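For clarity, every value in this text was computed on a predicted model and none was experimentally measured.
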Amino acid sequence: MKMKQIATAAAVVCGAFASQAQAQTPTFGPYDTPDLKVFLTGATAPDNFLSSIAGQLFDSNGFYTFQDDNGTPANFTDDGRLYRAFYGTTKNDSTLPASLRAKKVLFVKRSKGGSVWGVNPVARAQRVATLNMTAATCVLNSSIYRCAEKGIDPGLTGYTAPSNAGEVSDFGVSDVEPALFKAPHNVEFGQDQLTNAEVGRLDVKSANVLMMGIVATNSVPFTTHLSRGDYGSMLNGLVFDWKQVDPAITTGNTQVVVCRRVNGSGTQTAYNWFFTNFPCQTAAGGSSAPARMVDNSFGVIGGSGTPADPVVIDPTAGYTVVENSTSGNVRDCLTRAQSNTDHTFVGDDGKTYQIKFSNSTSPFRAIGVLSLDSASSATSGTIGAAPTTGWSFRMLDGAGIFDARASSLGGQVVTQGPGTGLAPSKSNLVDGRYDFAVELTLQRRKVAVTNEHGDAVAAPTGLKLDFINEFIRRVGDPAFNTSTAVAALPPTYSPPTANVGFGTRNGNTCSPWQRLFPQ
């Protein structure tokens, strides 16, 4: 195995280690002052993968787990989609650099809004909303502390007030490189794209490669051929009805529902690249615009946007677009479209929206915007049966369900349908056949920045930088890229090492994939 001195990327601790950690209790209280607090913002697509990295940093005493309460303190079923935090003592052994051993570390991950929140606010050192982890604002339930949010995001009313309790993130993770976050489709609500000078403040490192996928609810027949052209046309509002895709679909709700992400999401940015060619080509009609929720949905009824009076959208009226803040919201949107239950969420504008899927007694046929990091969420139930979550990953330019549990490095298994087209399998990712994949980046400030509030924010140094660099070291290692969704990048690591791709886009999504090593 050949390793070059190229830094990579990192991110979060998640549910897989949350339950494991509860077997032991740290020797300190959940609200004690840590030796080190690290705040990471950005991409939600790789959350599940990246959880496997951070969880291995803590010792056998476990760690405390915190989640957001989604603004509904009495309802625990919708928690943890926007924020997660973990507080424990790091291992005291040679697996960690000496400076990080036996330290009490509070690690906070914000997923709200997606990738651009790991890019623009990092470069500008802006205060952003975060978890309010205090005894007065958190409730312990099932070994997890459910906490309120504090602070106001850039672009929202009250952001510039000196009393804004938001915090500046230390580093960010994004599904794609910062250069792709261009206006008007790939920038967060109320903000503009970074200037060249602001981009220059960032130290940007390529990470691993992550597959994106095409998904559909169970009510879309497993025999329906989903081409990238038709899928993109549904995302862009050019195909409104499933009969245009599959003439055999004639009953129930035939209108298209799109469960997409908000502008500025890295996953959405990846779909904008693959299906609309933005921002790689914008001149002479070289790209098209993705459809938006309020602008393009047929059934917008209205409402003030408060939790008590949400903006209501009736999907029975026709083509419907739903802009979700996180990947968890997209998964919920797909599940609820299939089960005819209302989908309620907070948009990037701070307003509450409700999609009235309950207005029909028939399931809705929806597509979504998700990475293969969500594959484990789509594989509930028996292999070979329709997923009990109500949706599945499908074959690209073909027909059939892809079940990650039935795949391996050596091949792919389609559990229902004809199995035509290309599967988002690990083997196809590694050898470059499946090209709907993007390279994650990690970015941190490399210079001091003074923000709108007058905060003079230094670049990470000392123990904080050591922690970030340890994440950087681990995330590109093939040992941490064992899941179906990801692979380590060459030339940092060289095939035939397991879990390493044979080629790369060299950190530039708009460039073609280049094979660096023979198969």
For a side chain to side chain contact (heavy atoms under 4.5 Å, CB included) check, start with the C-alpha distance between Arg228 and Phe274, then their side-chain angles and the critical distance, and finish with the verdict. CA-CA 9 Å; Arg228 67 183 68 195; Phe274 194 73; 3.1 Å; yes
Please evaluate residues Thr254 and Arg365 with respect to the criterion side chain to side chain contact (heavy atoms under 4.5 Å, CB included), reporting the C-alpha separation (whole Å), side-chain torsions for both, the decisive distance (0.1 Å), and the verdict. CA-CA 7 Å; Thr254 64; Arg365 295 180 170 99; 4.2 Å; yes
Run the side chain to side chain contact (heavy atoms under 4.5 Å, CB included) test on Phe181 and Val116 for me, step by step, so that the C-alpha distance in whole Å, both residues' side-chain angles and the decisive distance to 0.1 Å come before the verdict. CA-CA 7 Å; Phe181 294 102; Val116 77; 3.8 Å; yes
Under the side chain to side chain contact (heavy atoms under 4.5 Å, CB included) criterion, do Val256 and Tyr319 qualify, and how do the steps go? CA-CA 5 Å; Val256 171; Tyr319 179 76; 3.9 Å; yes
Please step through side-chain hydrogen bond (donor to acceptor under 3.5 Å, both in side chains) for the pair Ser288 and Asn236, ending with a clear verdict. CA-CA 7 Å; Ser288 56; Asn236 301 340; 3.3 Å; yes
From CA spacing to verdict: side-chain hydrogen bond (donor to acceptor under 3.5 Å, both in side chains), Gln354, Thr344: CA-CA 4 Å; Gln354 186 173 75; Thr344 303; 3.1 Å; yes
List the steps and the verdict of side-chain hydrogen bond (donor to acceptor under 3.5 Å, both in side chains) for Thr316 and Asp314. CA-CA 6 Å; Thr316 66; Asp314 179 8; 2.7 Å; yes
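Of the options Lys112, Arg110, Arg81, a salt bridge (charged side-chain N to carboxylate O under 4.0 Å, His left out) to Glu149 is made by Lys112 and by none of the others. Test Ser362, Ser360, Ser219 against Asn253 for side-chain hydrogen bond (donor to acceptor under 3.5 Å, both in side chains) and you get one pass: Ser360. Among Thr269, Thr441, Asn120, Thr41, the one residue that satisfies the side-chain hydrogen bond (donor to acceptor under 3.5 Å, both in side chains) test with Ser174 is Thr441. For the side-chain contact (heavy atoms from CB on, under 4.5 Å) with Leu489, the lone residue among Thr504, Leu516, Asn506 that qualifies is Thr504.
In this structure, the separation between OG on Ser425 and CG on Asp403 is 12.5 Å, given to the nearest 0.5 Å. The NE2 atom of His185 sits 9.0 Å away from atom CZ of Arg292, with the distance rounded to the nearest 0.5 Å. Distance CG/Asp373 to OG1/Thr484: 10.5 Å, rounded to 0.5 Å. Distance check, rounded to the nearest 0.5 Å: CZ of Phe517 to OG of Ser494 gives 3.5 Å. Between the OG1 atom in Thr341 and the CG atom in Asp332 there is a gap of 7.5 Å [rounded to 0.5 Å]. The CG atom of Asn329 lies 13.5 Å from the CZ atom of Arg260; values are rounded to the nearest 0.5 Å.
Looking only at side-chain heavy atoms (C-beta outward), Val262 and Gln268 stay at 4.5 Å or farther from each other. Within the 4.5 Å cutoff, side-chain heavy atoms of Asn324 are placed close to those of His343. No side-chain heavy atom of Ile313 sits less than 4.5 Å from a side-chain heavy atom of Phe357. Taking the side chain as every heavy atom from C-beta outward, Tyr353 and Val294 approach each other to under 4.5 Å. Taking the side chain as every heavy atom from C-beta outward, Phe364 and Thr217 never approach each other to under 4.5 Å. In this structure, the side chains of Phe189 and Leu156 come closer than 4.5 Å at one or more pairs of heavy atoms. Looking only at side-chain heavy atoms (C-beta outward), Val128 and Trp117 come within less than 4.5 Å of each other. Val322 places a side-chain heavy atom less than 4.5 Å from the side chain of Phe345.
Formation of a donor-acceptor pair under 3.5 Å by the Asn499 side chain with backbone atoms of Phe480 is not found in this model. The backbone N or O of Gly213 lies less than 3.5 Å from no partner atom in the side chain of Arg394, so there is not a single donor-acceptor pair. A side-chain donor-acceptor contact under 3.5 Å links Asn451 to the backbone of Ala125. With hydrogens and angles disregarded, a donor-acceptor distance shorter than 3.5 Å links the side chain of Asn186 to the backbone of Leu180. Here the side chain of Glu439 pairs a donor or acceptor atom with the backbone of Arg505 at under 3.5 angstrom. For Thr335 (side chain) and Arg331 (main-chain N/O), a donor-acceptor pair under 3.5 Å exists by modelled atom type. A donor-acceptor contact shorter than 3.5 Å is absent between the side chain of Thr326 and the backbone of Leu82. A donor-acceptor pair under 3.5 Å links the side-chain atoms of Ser227 to the main chain of Asp230, judged by distance alone. For Asn481 (side chain) and Asp477 (main-chain N/O), a donor-acceptor pair under 3.5 Å exists by modelled atom type. Asp241 places a side-chain N or O within 3.5 Å of a backbone atom of Lys243 that can act as its donor or acceptor partner.
Here Arg124 pairs with Asp192 in a salt bridge; the nearest charged N to carboxylate O distance falls below 4.0 Å.
Aromatic pair Phe436/Phe275: ring centres closer than 6.0 Å.
Shortest non-hydrogen contact noted between Val168 and Phe39 is O-CD2, 3.7 Å. Considering every non-hydrogen atom in both Thr224 and Ala399, the closest pair reads O-CB, 3.4 Å. Residue Phe222 comes nearest to Ser392 through the heavy atom pair CE2-OG, 4.5 Å, listed as atom of the first residue, atom of the second, then distance. In this structure, Phe502 and Pro490 approach most closely via the heavy-atom pair C-CG, 4.2 Å. Residues Tyr434 and Leu429 approach most closely at CB-N, 4.3 Å, considering heavy atoms. Of all the heavy atoms in Gln191 and Gly155, the pair that sits closest is NE2-N, 3.5 Å.
When only modelled atom types and interatomic distance are considered, Thr44 and Ser327 share a side-chain donor-acceptor pair under 3.5 Å.
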